[in-house]
Amino acid sequence: MASAAASSSKPPVVLGCGAVSADYLATVASFPNPDDKIRSLTLKVQGGGNTGNALTAAARLGLRPRIISKVSNDPQGRNILKELQDDGVDTSHILVAEEGNSPFTYIIVDNQTKTRTCIHTPGYPPMVPEELTQENLFAALDGADIVYFDVRLHETALLVAEEASQRKLPILIDAERKRDGLDELLNFASYVVCSAKFPQAWTGASSTPVALVSMLLRLPNIKFIIVTLGEKGCLMLERSTTDASEAEEIDVESLLESLEKKEVLSSSMPKCIASKSNLRISADGIGSISGRLLLGTAEIIPSEELIDTTGAGDAFIGAVLYGLCSGMPPEKMLPFAAQVAACGCRGLGARTALPHRTDPRLVAY
């Protein structure tokens with residue numbers, strides 16, 4: 001989608017509804033064993049939450065994000081709001097409770113394995129749909145070009161999705177894992193970005209590519225699904241806008257194998273290998289769709305530069321939101337999003353190393 005606003009003087013507006021939090025990040029030499037006492041190597045306190053992170057990435061790339069969420073009027077909540085505002089995210093639609101606690105997460109980053117462990121404490125009192133007034137909802141959606149959900153605050157998210165759908169706004173869903181309200185939200189989705197394990201968990205399919213075909217068959221409004229695969233890159237199945245029923249049928253797993261053979265292993269930078277357009281892509285016993293398959297590679301980050309993978313998926317989604325609003329073709333959008341995510345992995349926390357659009361590493365896009 002290329003937003004009408006993209007060609008005007010004002011950047012496109014993305015509305016996000018979902019999680020914000022305060023992250024307490026501690027790096028350790030290695031993850032402790034039970035009953036161990038260890039010292040942290042570094043400590044950092046920073047804003048987090050899937051939606052907060054993705055919209056921060058989108059703001060640094062040049063979009064105008066707005067966010068619907070809830071915090072409390074405590075030190076963590078005030079810092080959450082300030083960080084978002086400092087990055088250009090409109091927080092005027094965030095509800096602030098006078099009592100209770102804002103969401104926060106302890107994150108232990110293992111320097112040895114380059115992995116992280118998250119311990120989350122939800123905000124209290126939780127947000128309920130009645131707290132989102134019609135006036136606030138309409139103001140948040142007014143002028144928006146795309147709407148994004150991380151499937152937290154799912155009852156409130158459904159209200160936003162229903163109104164966004166009435167306004168014919170495109171909707172992107174972050175399907176990280178099965179959550180309450182996810183199935184209902186997927187019915188409104190135009191685009192889905194999901195974690196590596198989600199497609200098979202949701203469909204029960206035998207493999208990821210088969211699961212992607214199944215998802216497009218079950219969700220006819222979806223234009224594409226991207227599954228992120230960490231250091232292995234990503235896989236995208238895009239639906240064609242024209243009928244390919246007369247085209248020769250090709251098995252989705254065989255198609256993926258052919259793309260993997262074309263993968264440029266000599267390059268450390270993200271690339272995209274795409275099949276022909278308008279193929280009839282099938283999965284045994286499930287059916288077929290008209291579309292194409294795209295394989296995106298990830299940047300090979302030197303071990304000494306890889307600091308923390310916290311929020312890498314959120315950075316990827318922020319870049320996809322930017323790509324959609326700026327009219328990037330998928331062949332360009334997938335490497336761009338992978339590059340943004342890789343930049344974010346070079347600092348402690350989800351936001352420290354998120355790049356701006358003027359970053360030299362993004363010039364090629």
Side-chain angles (χ1 to χ4, degrees), residues 16 18-60 65 67 69-89 91 94 96-97 100-124 150 152 176 195 230-231 299 301-318 340-356 359 361:
V20 295
S21 76
D23 287 353
Y24 295 83
L25 298 123
T27 61
V28 296
S30 61
F31 195 83
N33 294 315
D35 289 330
D36 272 1
K37 292 184 179 181
I38 63 171
R39 291 181 182 270
S40 63
L41 303 176
T42 56
L43 177 67
K44 189 180 190 74
V45 182
Q46 185 178 76
N50 291 39
T51 294
N53 295 337
L55 294 188
T56 298
R60 293 191 189 181
I67 184 167
S69 192
K70 183 176 181 178
V71 297
S72 292
N73 187 19
D74 55 10
Q76 293 94 336
R78 291 189 287 273
N79 286 335
I80 289 168
L81 293 175
K82 184 178 185 304
E83 277 195 38
L84 291 169
Q85 292 161 359
D86 288 348
D87 265 307
V89 179
T91 63
I94 291 183
V96 181
N101 67 273
S102 297
F104 63 93
T105 305
Y106 295 117
I107 302 176
I108 303 170
V109 180
D110 186 330
N111 272 4
Q112 184 176 22
T113 62
K114 304 295 184 180
T115 57
R116 83 282 189 275
T117 301
C118 302
I119 306 168
H120 180 65
T121 299
Y124 183 84
D150 67 6
R152 269 75 166 197
E176 186 178 34
S195 63
E231 63 184 15
E299 180 186 352
I301 305 175
S303 59
E304 66 274 13
E305 295 181 22
L306 177 60
I307 304 299
D308 179 18
T309 60
T310 299
D314 304 330
F316 185 94
I317 286 175
V340 170
C343 290
C345 293
R346 288 174 160 89
L348 179 61
R351 303 181 189 175
T352 301
L354 286 176
H356 290 79
D359 191 295
R361 293 167 292 184

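- Annotation: the span from R361 atom CZ to C343 atom SG amounts to 3.5 Å, rounded to 0.5 Å.
- Scanning for salt bridge (charged side-chain N to carboxylate O under 4.0 Å, His left out) contacts around E299 gives R346, with sequence neighbours left out.
- Scanning both residues, A315 and V340, for their nearest heavy atoms gives O-CG1, 3.8 Å.
- Counting only heavy atoms from C-beta outward, the side chains of T117 and D110 never approach each other to under 4.5 Å.
- Remark: T115 pairs with T113 by the side-chain hydrogen bond (donor to acceptor under 3.5 Å, both in side chains) rule, at least two apart or across chains.
- Across all their heavy atoms, G88 and P65 have their closest contact at O-CD, 3.9 Å.
- Shown here for P122 and N101, the closest heavy-atom pair between the two residues is O-ND2, 3.2 Å.
- Between I94 and I80 the shortest side-chain heavy-atom distance does not fall below 4.5 Å.
- The salt bridge (charged side-chain N to carboxylate O under 4.0 Å, His left out) check on R116 picks up nothing, with sequence neighbours excluded.
- At distances below 3.5 Å, not a single donor-acceptor pair connects side-chain atoms of N73 with backbone N or O atoms of V96.
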Start with the C-alpha distance between D150 and N50, add both sets of side-chain angles, then the distance that settles side chain to side chain donor-acceptor pair (under 3.5 Å), and finish with yes or no. CA-CA 6 Å; D150 67 6; N50 291 39; 5.0 Å; no
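- To the nearest 0.5 Å, atom CG of residue L348 and atom CG of residue D23 are 10.0 Å apart.
- Taking the side-chain contact (heavy atoms from CB on, under 4.5 Å) definition, one finds that V45 meets it with Y24, sequence neighbours left out.
- Counting only heavy atoms from C-beta outward, the side chains of I307 and T352 never approach each other to under 4.5 Å.
- Atom NZ of residue K114 and atom SG of residue C345 lie 11.0 Å apart, to the nearest 0.5 angstrom.
- Looking only at side-chain heavy atoms (C-beta outward), T51 and I67 come within less than 4.5 Å of each other.
- Scanning both residues, I107 and C118, for their nearest heavy atoms gives CG1-SG, 4.0 Å.
- With sequence neighbours excluded, no residue forms a side-chain contact (heavy atoms from CB on, under 4.5 Å) with E231.
- For the residue pair S40 and A26, the shortest heavy atom distance occurs at CB-CB, 4.1 Å.
- The salt bridge (charged side-chain N to carboxylate O under 4.0 Å, His left out) check on D86 picks up K82, with sequence neighbours excluded.
- Taking the side-chain hydrogen bond (donor to acceptor under 3.5 Å, both in side chains) definition, one finds that H356 meets it with nothing, sequence neighbours left out.
- Summarising the geometry of S69 relative to G18, their closest heavy-atom pair is OG-O, 2.7 Å, with the distance given to 0.1 Å.
- For the atom pair OG1 of T310 and CD1 of I108, the computed distance is 11.0 Å after rounding to the nearest 0.5 Å.
- Every salt bridge (charged side-chain N to carboxylate O under 4.0 Å, His left out) that D87 has, sequence neighbours left out, goes to R60.
- Taking S72 as the reference, nothing meets the side-chain hydrogen bond (donor to acceptor under 3.5 Å, both in side chains) condition, with sequence neighbours excluded.
- Rounding to the nearest 0.5 angstrom, the gap separating the OG1 atom in T105 from the CD1 atom in I119 is 9.5 Å.
- Legend: residues meeting side-chain hydrogen bond (donor to acceptor under 3.5 Å, both in side chains) with T309, ordered by chain and number and at least two apart, are absent.
- Partners of P32 according to the side-chain contact (heavy atoms from CB on, under 4.5 Å) rule, which considers only residues two or more places apart in sequence or in another chain, are D36, I38.
- Applying the side-chain contact (heavy atoms from CB on, under 4.5 Å) test to E83 and every residue at least two apart in sequence or in another chain returns Q46, R351.
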